[in-house]
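Written below as structure tokens is the structure these notes are about.
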Amino acid sequence: MTLQTPFSDSPGGHAPPSVESITRLVHGFYGDVRQDPLLGPVFEKALHGQWDAHLQRLVNFWSTVALGTRSFKGDVFGKHMVLEGITPAHFAAWVGLWQQHTSRLFAPEVARDLQVAAHGIARNLFRGYFGSDPAFAPQRNEHTRHGGH
């Protein structure tokens, strides 16, 4: 999914999708993740001393997803499956924060596309941990009933 929505003069002060706005998104979002009482300890344990490099990888990842930059190569699923102590609440908190940050920074169409991408990634990871779909994942028939959006 490449976000091609032209927002050079975005209404409401929303940022156009660009490497710069993705960088702002990633750094702001993970700043809040680090402060979150549920998410922060998991990320700190996994990334102790490696935050700068990880943030750059995340910018590359989301730039690849949103802009088609192809600047990310890696095994997202495998890297996350080794984390211990993950619960459904971690996923709900992560998805909730992502929704807040994307909605605040981007126009609704762009935010929605980023949220759909994040939900898909989270859903796959959730299935890997728990063997079922998470509560935040819309049912496929419900999604279709509402015009696929």
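Here, residue 1 is the first one in the sequence, and each next residue gets the next number.
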Q: Output all residues satisfying ring-ring contact (aromatic ring centres under 6.0 Å, His included) with His101, sequence neighbours left out; order by chain, then residue number.
A: Phe29
Q: Ignoring hydrogens and angles, tell me if any N or O in the side chain of Ser21 forms a donor-acceptor pair with the backbone of Ala15 under 3.5 Å.
A: no
Q | Test side chain to side chain contact (heavy atoms under 4.5 Å, CB included) applied to Ser103 and Arg112, step by step | A | CA-CA 8 Å; Ser103 293; Arg112 185 177 49 248; over 6 Å; no
Q. Just wondering, do Thr69 and Asn60 contact through their side chains at under 4.5 Å, heavy atoms?
A. no
Q) How are the rings of His54 and Trp51 set relative to one another: parallel (under 30°), tilted (30 to 60°) or perpendicular (over 60°)? A) perpendicular
(Q) Is there a path of hydrophobic side-chain contacts, each under 4.5 Å between heavy atoms, that joins Ile86 and Leu38? (A) no
Q. Where the side chain of Thr64 meets the backbone of Phe72, is there a donor-acceptor pair that is under 3.5 Å apart?
A. yes
Q. By ring-ring contact (aromatic ring centres under 6.0 Å, His included), which residues pair with Phe106, not counting sequence neighbours?
A. none
Q.
Under the salt bridge (charged side-chain N to carboxylate O under 4.0 Å, His left out) definition, can you give me all pairs with a residue in residues 34-50, not counting sequence neighbours?
A. Arg34-Glu44
Q. Out of curiosity, Thr102 OG1 to Asp113 CG, how far, rounded to the nearest 0.5 Å?
A. 10.5 Å
**Q.** Smallest separation among heavy atoms of Ala117 and Val65, with atom names
**A.** CB-CG1, 3.8 Å
Q: Would you mind listing every salt bridge (charged side-chain N to carboxylate O under 4.0 Å, His left out) that reaches into residues 71-89, with sequence neighbours excluded?
A: none
**Q.** His90 side, atom NE2; Leu83 side, atom CG - distance, nearest 0.5 Å
**A.** 9.5 Å
Q) Between CZ of Arg123 and CG of Asp133, what distance do you get to the nearest 0.5 Å? A) 6.5 Å
Q) Which distance, rounded to the nearest 0.5 Å, do you find between the CG of Leu55 and the CZ of Phe61? A) 14.5 Å
Q: For Tyr30, check ring-ring contact (aromatic ring centres under 6.0 Å, His included) against everything at least two apart and list the hits.
A: Phe43
(Q) To the closest 0.5 Å, what do you measure between CG (Asp52) and CZ (Arg57)? (A) 14.5 Å
Q. Hey, what do you get for CD (Glu109) to NE2 (His14), rounding to the nearest 0.5 Å?
A. 9.0 Å
Q: Identify the heavy atoms of Ser63 and Ile22 that sit nearest to each other, and give their distance.
A: OG-CG2, 3.7 Å
**Q.** All ring-ring contact (aromatic ring centres under 6.0 Å, His included) counterparts of Phe77, not counting sequence neighbours
**A.** none
